[in-house]
Every structure is written in C-alpha cells, then in structure tokens.
Amino acid sequence: MADWQRTHTCGELRDTHIGETVTLNGWVNTYRGYNNQVFVDLRDRYGLTQVVFESDAPELSQLANSLGREYVLSVTGKVRARLPGKDNPKLVTGKIEVQAEKARVLNACPTPPIEITEFGNELANEDIRLQYRYLDLRRKTLQDTLIMRHKLCKTIRDYLDQREFLEIETPLLGKSTPEGARDYLVPSRLYHGEWYALPQSPQLYKQLLMVAGYDKYFQIARCLRDEDTRADRQPEFTQLDLEMSFVEMDDIFKVIEGLSVAIFEKCLGIALPTPFQRMSYAEAMLKYGSDKPDLRFGMEIVDISALAANSEAKFFQEIVAAGGVVRGLNVKGAAAKFSNSELKPKGKIVEFANRYGSKGLSYVKVEADKITGGLEKFFTPEAQKELLTAFNAEPGDLLLIVADKEAVVCDALGALRGHLASLLKLFDPKTFNILWIVDFPSFMRDEEENRWVALHHPFTSPRDEDLAHMESDPGKVQAKAYDLVMNGYEVGGGSIRIHSPEVQSRVFSMLGMPEEDAKARFGFLLDALKFGAPPHGGIAFGLDRWAMMLAGTTNIRDVIAFPKNAKARDVMTGAPALVDKKQLSDLGIK
RNA sequence: GGGGACGUAGCUCAAUUGGUUAGAGUACCGGACUGUCGAUCCGGUGGUUGCGGGUUCGAGCCCCGUCGUCCUCGCCA
C-alpha cells in the first residue's frame, strides 16, 4: 500500500479510534483558517471528518494554507478527542478529529463553477449542474439518492433470486416493430439501408424466454423511446422487467406486493400494508379522472349529469343529450381562496383545465344561505339543494364543474384535482399510497385513424369470457392487465399475455393488421406461440420512478447519474453530435 | 409541432415598471483572529444584462428576430 492511501474512510472514525494513527483520503469540503490553525472538513461518500492542521512544521502549515475547496487530499495523523464542549453533533464523526502530521495534495482544483456544499435551497440552475455533472454528483443528496438506487436494485435482485427468478439479458440491437413509441434506430454497416432498433422494452424477448421454459425471469433493463420528455420521463430509462409462466394475475400481484414491501423496508424502513388496494379502471376514471389516481387525498369527482340535464342551462342539456357528461369537484373550504377572476373565462384555473381540451369551467361558491358564481340562475332552489347534496357541500366550499365529452371531463377534472391538491397542500408529500388499477378495456377507439388500438399492448390477453365477442363488440372486451400506481404515478404495468397463436392472430386482425403484415412483423412470435407456449404473464416496473418515489423527488434527472436534459441532450458530453464523414460512408449514409 | 415561465457578476437573486456610475448574498483574492464547524470581522477583484436588430434624448426593462433552459399539451402500444 502506498503511504498516501487511506486506512479509513471519512465516515468511519469514532471515539473508539482515539490514539490511532490513520490516513484519510478525500476532498476538501470546507476550509476554516487561522494564523496557526486550519480546520478542514475532509469529505468522501461515507461522510465528513474534521482534520486540524496546527503544526509548527513549516512544510505542513504552508500546505495547509495553500488548500482550496475540492482539493483532493491525503492526510495522516492521530485521531484525538475534540476539546470538551467542542463536539459537533451534526457529524457522526463529530466527537473526534484527526490532527494532521503528514499531508499530501493528490490533486488541486480550481474554484468550482457550482457549489458542492448544500445549505438552503440555492442550487445552481439545472443546465449548469448537468454540464458539470461530476461535480453535482458530489453533493450529498445526489450521492444518497444513487446509494438508495443501488439498494433498490440490490433488494430486487436478492428478493427475486431467493424465489428462483433468473436474471437474463436480452438484445439491445433488435427489430423495429410498429405501434408503440418511436424507435431509436441504429444503421447496419453490413447491410446498408437496413436498421436495428433499440428496445422500447424487452417485451417480446421475455415472452420467448417463457416459451423456452425459463419460467421465472427478470432483468433490470434499459429501455429507449424516441419521444418528447417530461419531468418524469427521459429517452432512456430503466425497467425491472419480469415474467412468469403458469400464472394468473394474483400470482404476479403476490410477487410484486412482496417485492414492494421488501423495497420499502430495506430502502426507507417503512412497512407497507398488503394486500394493495385494487380499483377498476372505470372507477378510477369516474372518481379521479385518471388511470393513475393519487389517493393521498380525497376530493372525488361527482357526476351531476342528470341534475344538469334537468336544469335550465341549455349548454348542459345539449352536452348531456349529445352523450357528454357533467361532473365536478368539491374543493372543500376553498371558496375564499380563489378570486372570481381566477375562476372566470381566461382565469388561471380555467386556463389550466382548458389545456386538457375542455372549453370552459363553471364554478359555484357555496355561502351560508345561497350559492354564487353564475350557475345559480339555471337551478331552481330545490335543484340547488340537490346539487349541494350531491357534492356534500357546506358553506365555504368551491364547486368546479366541467361539461364535455367524458374523456375530456375526466382529463380536465383529474388534472385539476391533482393541481389543486398540491396548491392547497391537501396531502403530506412524505406519505405513500399504492394501489393496483385493474379491469382495463383491451381496446380503445382511435378516432383519428378510425381503428381500434390496444390500450396496453397487442400481446395482452383479453379475459377468457370476452373472447367470444371480441370481434362483435371490441369496446366491451376487458384485458387481464394491471397497473401499479403510487402517489399519482404509474410505477408499473403488466398483463397476462396471449399464449394461443389463434387468439394472437385474431387480436392483430382486430387492430387492423392484415395477416401478411402480422407475419412479417411478428412472425417469430406467432411461430413461437405454436411450439408449446405456456400460459404466462408479467410486469414492468419503472425503476426510475420507483427511485423518485423513494428519494422524494419529482424530477427523473435527480435519480439518474448521467441524465439527458429536457431536449434529450447530454449537455456534459454534447451528445447527440455530428460524426465523421467516414463513419457515415461506412454505414452507407451520405 | 403548440402553449407558458425564464435568461443580469463564477453561483443564487435584486434593480422603485424607460432615467445618473446595474446592486446584494455567496464564491474568489488580500488582511485580522489559537477551537472553528454554513466560522467571524475588515477590505478588494469581478458585468458586452444570452445573442442580433429596432423604437427612444435615454433600454436590463418596450418591439422584432434568434439561441438556450425548465414546465406543459400533443406524443410516450
């Protein structure tokens, strides 16, 4: 061992080490200097240790005076107790300090463009932090997050290994398949003009592994989708991909609930109650306007279509007559919290709702002896009472009502519900709510393309009892599909798959894919299903979103070591970037 | 592709709504200080107000264009 190499980490020393001579390696976190005495907090990922330079030796004091933030240092010295009353209770190493006897600068550092130490909430802008990501990653919160993410993966591997799951890798270079997200394409050098696609998920490969008899599979797999980003979405992300043979939905639920409990226990020390609540897709859409409802707070949506249709309001009557719905939220006690101008056309609240396609929003402020807001003239006193009863409204409440096509009403009210809850702080952001959404429809009508599309994906098995009317009434077919939802985020989704080649062919043709097309695109799957495919199903966990939940952040870039920015660029390396002409000509691209 | 917010010192922000020399905190540099720990105190350096054009006696502020960042709608089976 070289004489500068560490004997201990910066988070390790306690009063039991007093008297020992140790060597620490780390970064200068903070520097507090005097004439003849310099305090340095030396940092590594394990913690901070205070080092004191108070030697008379000119070499050592000269070195101490030349130090700067983020210098990389090796210090050898004796562990000693701090002076009485000078302990630092904020540090686990706060009872001791290392008196430097020998020190060596392993590397200097110019003034960092961003501050590494964290206090207050004064982080630099994200773009500059991403540009110097290796500096930002030195921050304790980011280190803690990545350590947590490691624990998450370790827990997953341990838990599944104990249950005889096999971790198997699947290809990155695959074949582009239609439907779904836009593919990232990779040109082939050996076959000019032909392209690989990077996987959107290992979906088909894991089904083929089931056919091959690997009846419990998982993979912590990178997935790539060339779509626009969001706060919780970037082009490459990680899934825990899992598949099992000879199972039904309840078997998957059991594994995932057990795994979730293990994750919360290991990562946060929280005991999650099981079994998880289950809610039908229909109920979620009706009561929460979303297929990923946040149940940390109430504020359920109330349907008043019948009441509205019987009112004097022509716009309500017309919308209901045309098959639309009228629904609303009771924002308890919020009547005084929003001005009328926020609630009128062009107001903030209305504009927010209208982003989701609604063309307006009615509001009712409930007062002790009357209601106000503009709707009151359309409702008889009796109808007003019914309205208040429907909403369980009391004086001081604010009712927000949207009338439109059902999908628009759900979207607008669902988004409004979440928006208002965080605005009014209706829930504790440190709590967790987890549930299954089940009973999804298999197919949805794509109005633009005028065809049926799979809500989940085309390999999802319909319920056995719905197979008979799949062609005659596709809208009524329900899928053996399930989503795992936490705090309003979809953190997992899966299904029991189709294992019959006939059913799979019927679904493809339902989706408007002629047999030749299906064969060209998915022939390998149809073939595989013929050769003795077992019943199987599985799930994909959004690992980044799980890490977000555990870390208490809403930004996916906080849980990825080297993320892309909102425009899909890696601002540190500059990717994507131009390449040499030679590289392109090798690939047959001019 | 659409909408919104933003861009001022290395970093975080301010500038009385168009008015004199663009300020503060922090960082950095120098000085003081023998127990600090977000050290403190004193002093100092630091600016093409993203970039280009325009309006004006005068622009950080208004207008047009452009680049960039974040959020969002569409999109993400």
Side-chain angles (χ1 to χ4, degrees), chain A residues 29-43 48-54 56 65 68-70 80 82-91 93-94 97 99 110-132 135-136 177-183 200-201 203-204 223-235 237 348 351-358 411-412 415 419 440 442-444 446 448-449 452-460 479 481 490 493 495 507-508 511 513 540 542 554-555 557 565-567 569 571:
Chain A
N29 191 63
T30 48
Y31 176 97
R32 301 176 288 277
Y34 290 81
N35 266 352
N36 298 311
Q37 191 173 37
V38 170
F39 295 95
V40 166
D41 286 339
L42 205 62
R43 184 196 70 235
L48 292 174
T49 300
Q50 175 163 288
V51 176
V52 194
F53 294 83
E54 52 189 8
D56 296 331
N65 285 317
R69 264 161 219 264
E70 301 306 315
R80 70 182 189 193
R82 295 201 181 186
L83 292 183
K86 298 294 180 186
D87 289 1
N88 184 350
K90 286 187 215 158
L91 299 180
T93 61
E97 63 196 8
Q99 183 185 14
T111 303
I114 58 174
E115 290 181 42
I116 314 296
T117 50
E118 297 179 301
F119 45 91
N121 290 314
E122 279 202 358
L123 288 182
N125 279 331
E126 209 178 356
D127 50 338
I128 194 138
R129 283 165 41 214
L130 288 175
Q131 188 187 338
Y132 296 97
L135 296 181
D136 201 34
T177 51
E179 307 208 38
R182 194 176 295 114
D183 284 318
Q200 299 179 21
S201 86
Q203 179 62 34
L204 293 173
C223 305
L224 298 106
R225 297 178 187 175
D226 188 3
E227 298 292 348
D228 284 351
T229 65
R230 283 288 186 283
D232 65 341
R233 222 167 71 187
Q234 68 144 34
F237 59 100
K348 265 188 193 168
E351 292 288 296
F352 179 89
N354 287 354
R355 289 210 294 247
Y356 298 85
S358 62
D411 271 6
H419 180 64
F440 284 87
S442 275
F443 309 107
M444 266 179 29
D446 184 327
E448 274 180 27
E449 296 192 28
W452 291 96
V453 292
L455 185 74
H456 206 70
H457 59 54
F459 320 109
T460 298
E490 183 194 323
S495 61
V507 168
F508 282 146
L511 298 175
M513 200 186 297
T554 54
N555 181 345
R557 294 178 295 275
N565 75 1
K567 285 273 163 62
R569 190 175 281 285
V571 293

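Chain letters run A, B, ... following the sequence lines, proteins first, then strands; residues in each count from 1. Note that the coordinates shown come from a computational prediction; the quantities given were computed from them, not determined experimentally.
- Among the heavy atoms of the strands lying under 4.0 Å from A:I128 are primed sugar atoms or P, OP1, OP2 only; no base atom is included.
- B:rC76 is unpaired under the criterion used here, namely a Watson-Crick or G-U wobble arrangement in which both key atom distances are under 3.5 Å.
- Within 4.0 Å (heavy atoms only), A:E97 reaches at least one base atom of the nucleic acid.
- Here the P atom of nucleotide B:rG35 and the CD atom of A:Q50 are 13 Å apart, to the nearest Å.
- Summarising the base pairing, B:rU21 is matched to no nucleotide, lacking a Watson-Crick or G-U wobble pair whose two defining distances lie under 3.5 Å.
- Contacts of A:P458 with the nucleic acid, taken as non-hydrogen atoms under 4.0 Å apart, include base atoms.
- Proximity of A:R355 to the phosphate of B:rG74: no side-chain N or O atom is located under 4.0 Å from OP1 or OP2.
- As judged by a 4.0 angstrom heavy-atom cut-off over every strand, A:T117 is placed among residues making no nucleic acid contact.
- Shown here, B:rU69 is classed anti by the O4'-C1'-N9-C4 or O4'-C1'-N1-C2 angle, which is more than 90° from 0.
- The 5' end of RNA chain B is approached more closely, in terms of each residue's nearest nucleotide, by A:A231 than by the other of A:A231 and A:E227.
- Among the atoms of the strands shown, base atoms are found under 4.0 Å from some heavy atom of A:D228.
- With hydrogens and angles ignored, no donor-acceptor pair under 3.5 angstrom links the side chain of A:R225 to the base of B:rC76.
- Side-chain atoms of A:R32 and base atoms of B:rC33 include no donor and acceptor less than 3.5 Å apart.
- Pairing partner, B:rG68: B:rC6, with both Watson-Crick or wobble hydrogen-bond distances short of 3.5 Å.
- No engagement by A:I114 is indicated, since no non-hydrogen atom pair under 4.0 Å with the nucleic acid exists.
- A close approach under 4.0 Å does not occur between any side-chain nitrogen or oxygen of A:R69 and OP1 or OP2 of B:rU26.
- Atoms CG (A:D87) and P (B:rC37) sit 14 Å apart, rounded to a whole Å.
- The side chain of A:Y356 contributes an N or O atom lying less than 4.0 Å from OP1 or OP2 of B:rC73.
- A:L455 comes within contact range of the sugar-phosphate backbone alone, with a heavy-atom separation under 4.0 Å but no base atom that close.
- Regarding A:D136, its CG atom lies at a distance of 12 Å from the P atom of B:rU12, rounded to whole Å.
- In a base pair of the Watson-Crick type (N1 to N3 plus N6-O4 or O6-N4) or a G-U wobble (N1-O2 and O6-N3), with each distance short of 3.5 Å, B:rU56 is matched with no nucleotide.
- Within the structure, a side-chain polar atom (N or O) of A:N565 is placed less than 4.0 Å from OP1 or OP2 of B:rU69.
- Across all strands shown, B:rC28 forms a Watson-Crick or G-U wobble pair, both distances under 3.5 Å, with B:rG44.
- Residue contacts for A:N88: at a heavy-atom cut-off of 4.0 Å it reaches a base atom on one of the strands shown.
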